[in-house]
Protein chains: 2
Amino acid sequence: MTEQRRTVYDALMEERNHPTAVEVFMRARNRMPSISLATVYNCLETLSSCGLVKTVNLERGPARYCPNNQEHAHFYCNDCGTVLDLPLRARRHPEDVWELPEQLSISHHEVAFRGVCPKCAMKAAQLPEQRENAQNTKE
Amino acid sequence: MTEQRRTVYDALMEERNHPTAVEVFMRARNRMPSISLATVYNCLETLSSCGLVKTVNLERGPARYCPNNQEHAHFYCNDCGTVLDLPLRARRHPEDVWELPEQLSISHHEVAFRGVCPKCAMKAAQLPEQRENAQNTKE
DNA sequence: CTAGGTGCAAAAGGTTTGCGGTTAA
DNA sequence: TTAACCGCAAACCTTTTGCACCTAG
């Protein structure tokens with residue numbers, strides 16, 4: 001565990017909002033201005049293979065990293081882009097929901113939900129009258 | 001639905017093994033030698049937004065495409081790279097397994113399992129003595 | 001002295017975009 | 001005629017790699 005790796009890890013822990021490598025890089029640079037993006041990638045890779053960090057790769061574009069190494073799924077808000085962690089219910093397993101062939105050995109799984117987060121849902125419900133004037137033409 | 005889109009769709013249907021865009025491109029070129037990779041990307045995007053094709057983005061590297069628009073999860077074999085479709089069990093929902101906050105509206109979900117597929121598990125069990133001579137240095 | 005880690009820059013994919021030309025309604 | 005689409009090439013973005021330097025054991 002070198003100084004750079006510690007820095008990257010601390011930067012990741014700073015705010016647990018699933019940052020991309022570039023975001024981690026920017027945070028890390030506040031702590032250690034000389035650090036380079038390549039080093040951040042290297043450190044994230046190292047931390048990931050140590051099991052200290054999880055790499056989340058559920059969308060196009062940059063990978064995201066999270067220090068939460070418990071079993072959990074992710075929820076992406078289609079409106080604001082926030083990522084939430086969803087814990088597994090007690091005594092429930094993904095295998096309960098999907099049909100798995102016999103002799104399939106599962107090493108791990110990645111699960112992502114998409115939708116609208118409570119905050120954005122509230123916002124959308126709060127401002128229905130404003131839509132007459134200017135409708136939001138979102139993708 | 002232009003000729004190119006039809007060609008791309010047929011190429012995708014040709015073998016339902018979750019090809020990458022480049023693989024679809026190669027298949028499509030057999031049917032229409034003049035087609036370009038950019039057009040394949042465009043067509044896949046169009047088909048995807050029509051709901052005819054699903055884009056699967058659960059790993060680093062190229063996106064994969066599948067014509068299966070039923071609810072299903074994916075299983076990636078760590079050994080041979082095969083992707084299998086896993087159907088949802090009857091009357092089961094992902095929400096049964098993960099703790100979702102109230103007022104979270106789910107539009108859809110993506111689920112991926114990883115492990116070793118039955119074929120590779122069998123192979124590994126069958127040929128333990130050959131590993132002394134020549135180990136396969138795969139990817 | 002040696003091994004491993006770092007920083008820089010460049011390369012390597014994978015995907016998207018701009019633009020001129022073509023096609024179909 | 002007009003709008004959408006295609007093909008090509010270049011751009012773009014994210015990630016990886018090669019290499020020289022540095023540092024700790």
Side-chain angles (χ1 to χ4, degrees), chain A residues 1-12 17-50 52-66 74 76 81 83 110 112 137-139, chain B residues 1-12 17-50 52-66 74 76 81 83 110 112 137-139:
Chain A
M1 179 62 85
T2 66
E3 201 190 339
Q4 281 84 352
R5 290 178 188 172
R6 174 100 242 153
T7 302
V8 167
Y9 187 69
D10 290 346
L12 188 62
N17 58 351
H18 307 79
T20 65
V22 171
E23 284 159 1
V24 174
F25 170 54
M26 291 189 299
R27 290 187 200 165
R29 217 165 26 175
N30 291 338
R31 298 158 182 268
M32 181 188 285
S34 69
I35 203 168
S36 77
L37 180 56
T39 298
V40 170
Y41 272 109
N42 287 336
C43 293
L44 286 171
E45 161 61 26
T46 307
L47 293 168
S48 181
S49 65
C50 292
L52 283 172
V53 163
K54 255 175 99 170
T55 306
V56 185
N57 237 316
L58 291 162
E59 50 176 359
R60 190 99 20 126
R64 297 178 168 278
Y65 299 88
C66 68
H74 291 110
Y76 292 79
V83 182
E110 292 175 61
T137 57
K138 64 178 171 350
E139 188 165 358
Chain B
M1 179 61 83
T2 67
E3 200 189 340
Q4 280 86 352
R5 290 178 188 172
R6 173 101 242 153
T7 303
V8 167
Y9 186 69
D10 290 347
L12 188 62
N17 59 351
H18 306 79
T20 64
V22 171
E23 284 160 0
V24 174
F25 171 54
M26 292 189 300
R27 290 187 200 165
R29 217 166 26 176
N30 292 337
R31 298 158 182 268
M32 182 188 284
S34 69
I35 203 168
S36 76
L37 180 56
T39 298
V40 170
Y41 273 109
N42 286 337
C43 293
L44 286 172
E45 161 62 25
T46 306
L47 292 168
S48 181
S49 65
C50 291
L52 283 172
V53 163
K54 254 175 99 170
T55 305
V56 185
N57 236 316
L58 291 163
E59 50 175 0
R60 193 101 18 129
R64 297 179 168 277
Y65 300 88
C66 68
H74 290 110
Y76 292 80
V83 182
E110 293 175 61
T137 56
K138 64 185 167 345
E139 188 167 358

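These numbers come from the heavy atoms of this one structure, side chains and all, not from hydrogens, waters or symmetry mates. Computed from a predicted structure; not experimentally measured.
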Start and end of the DNA chain C segment that chain A contacts, any atom under 4.0 Å from a heavy atom: C:dG5 to C:dT16

Which residue lies toward the 5' end of DNA chain D, B:M32 or A:G61, if each is placed at its nearest nucleotide? B:M32

What I'd like to find out is whether the side chain of A:V8 reaches to under 4.5 Å of the side chain of A:I35, using heavy atoms alone. yes

Whole angstrom is fine here: how far is it from CG in A:N42 over to C1' in D:dT15? 10 Å

A:F25 has an atom CZ; how far is it from atom P of D:dC13, in whole Å? 16 Å

Side chains of A:E59 and B:E110: closer than 4.5 Å at any heavy-atom pair? no

Over how many whole Å does the gap from A:R5 atom CZ to D:dT23 atom P extend? 17 Å

All heavy atoms of B:Y9 vs all of B:L52, minimum pair found to be CE1-O, 4.0 Å

For A:S34, which contact category applies under a 4.0 Å heavy-atom criterion: base, sugar-phosphate, or nothing? sugar-phosphate

Roughly, in whole Å, what's the span from CD in A:E3 to P in D:dT23? 12 Å

From CG (B:N57) to OH (B:Y65), nearest 0.5 Å: 7.5 Å

Euclidean distance, atom CG of residue A:N57 to atom C1' of D:dT15 [Å, nearest integer]: 11 Å

To the nearest 0.5 Å, tell me how far A:E45 CD sits from A:R5 CZ. 10.5 Å

Between D:dA9 atom P and B:Y41 atom OH, what is the distance in whole Å? 17 Å

Tell me if a side-chain donor or acceptor on A:R31 pairs with a main-chain N or O of A:T7 at a distance below 3.5 Å. no

Cation-pi check for A:F25 against A:R29: NZ or CZ below 6.0 Å from the six-membered ring centre and within 45 degrees of the axis, yes or no? yes

Tell me the interatomic distance from B:L37, atom CG, to D:dA10, atom P, rounded to whole angstroms. 15 Å

Phosphate OP1/OP2 of D:dG7 contacted by B:T39 side-chain N/O (<4.0 Å): yes

May I ask you to verify if any side-chain N or O of A:R60 is less than 4.0 angstrom from the OP1 or OP2 atom of D:dC13? no

When rounded to whole Å, the CZ to C1' distance for the pair B:R29 and D:dC8 reads 14 Å

